[in-house]
Amino acid sequence: MRADAQRNRDRLVAVAADVVGEYGADASLEEIARRAGVGSATLHRHFGGRAALLEAVFRSSIDAVCAQATELLDDPDPLRALTSWLHTMVAHATGSRGLAAALVMSGDCGSDAHARLLTAGRKLLERAQSEGAVPNDTRIEDLLKLANGISLASGDDPAQASRLLTLAIRGIAPARSE
């Protein structure tokens, strides 16, 4: 990528982070392009659409959540590892305006971020299932949708999101979640 094109891309991501922070994941792409000082065609040339732009905006949060999943694979208690990871996901989503909606969009379009989260979470879920802590019919896709739904329902209230997730986990693994 040419240096000027890279600068435009970087500026678009930085401006998009600010605008999404103000207005959420439905922020106007035209407003993002205008504030970045580029045309909307430039924005679409770099990202193709909203989902790819949001993925770039939230890349560091997604990287952190995936890294934590890798670290938690060493936890001797697989259920604790899985629930800790889900709580981290919900905390990131409620702490970053627009992230939960962006994760829903990424799941709908099958983005790289969604695939990475599925892979990271699946390893934790499979460990918990192999120990009998979580039923075998529990799917990582369902857990991610549940975490995103809780994040969306909680808005910017991480304490409420944590309480709701704890209630949901009691339903997933009632014998072990106390």
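Atom-to-atom distance recorded for M89:CE and L143:CG is 9.5 Å, nearest 0.5 angstrom. A distance of 10.0 Å separates CD of E126 from CG of N136, quoted to the nearest 0.5 Å. Taking CG from D10 and NE2 from H46, the interatomic distance works out to 9.0 Å, rounded to the nearest 0.5 Å. In this structure, the separation between CG on D18 and CD1 on I32 is 10.0 Å, given to the nearest 0.5 Å. The distance from the CG atom of D26 to the CZ atom of R50 is 6.0 Å, given to the nearest 0.5 Å.
Side-chain N or O atoms of S61 include none that pairs as donor or acceptor with a backbone N or O of F58 at under 3.5 Å. No side-chain donor-acceptor contact under 3.5 Å links R59 to the backbone of A113. In this structure, S162 contributes its side chain and A159 its backbone to no donor-acceptor pair below 3.5 Å. For the pair D75 (side chain) and P78 (backbone), a donor-acceptor distance under 3.5 Å is absent. The backbone N or O of V65 lies less than 3.5 Å from a partner atom in the side chain of W85, making a donor-acceptor pair. Without hydrogens or angle criteria, T42 side chain to V38 main chain gives no donor-acceptor distance under 3.5 Å.
Contact check for V19 versus V15: side-chain heavy atoms found under the 4.5 Å cut-off. The shortest distance between side-chain heavy atoms of H87 and T166 falls below 4.5 Å. The shortest distance between side-chain heavy atoms of L72 and S84 falls below 4.5 Å. The shortest side-chain heavy-atom distance between E55 and F47 does not fall under the 4.5 Å cut-off. By the 4.5 Å heavy-atom criterion applied to side chains, E131 and L79 are not counted as neighbours. No side-chain heavy atom of S40 sits less than 4.5 Å from a side-chain heavy atom of L29.
Here the shortest heavy-atom pairing between L43 and A33 reads CD1-N, 4.1 Å. Pairing each heavy atom of A128 with each of L82, the nearest pair is CB-CD2, 4.2 Å. When every heavy atom of P135 is checked against every heavy atom of Q129, the shortest pair comes out as O-NE2, 3.0 Å. A pairwise comparison of heavy atoms in V90 and S151 identifies CA-OG, 3.6 Å as the closest pair. A pairwise comparison of heavy atoms in L73 and R127 identifies O-NH1, 3.2 Å as the closest pair. Across all their heavy atoms, L53 and L12 have their closest contact at CD1-O, 4.4 Å.
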Only pairs under 3.5 Å count here: list side-chain donor-acceptor contacts from residues 115-125, not counting sequence neighbours, and write none if there are none.
| residue | atom | partner | partner atom | Å |
| --- | --- | --- | --- | --- |
| R116 | NH1 | D63 | OD1 | 3.0 |
| R116 | NH2 | D63 | OD1 | 2.7 |
| T119 | OG1 | A115 | O | 3.0 |
| R122 | NH2 | E141 | OE2 | 3.0 |

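Applying the salt bridge (Lys or Arg N to Asp or Glu O under 4.0 Å) definition to pairs two or more places apart or across chains, those involving residues 29-49 are E22-R35, E31-R34, E31-R35. Sorted pairs that involve residues 154-166 and meet salt bridge (Lys or Arg N to Asp or Glu O under 4.0 Å), not counting sequence neighbours, are lacking altogether.
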Pair T94, Q160 - check side-chain contact (heavy atoms from CB on, under 4.5 Å), show working. CA-CA 10 Å; T94 56; Q160 180 187 30; over 6 Å; no
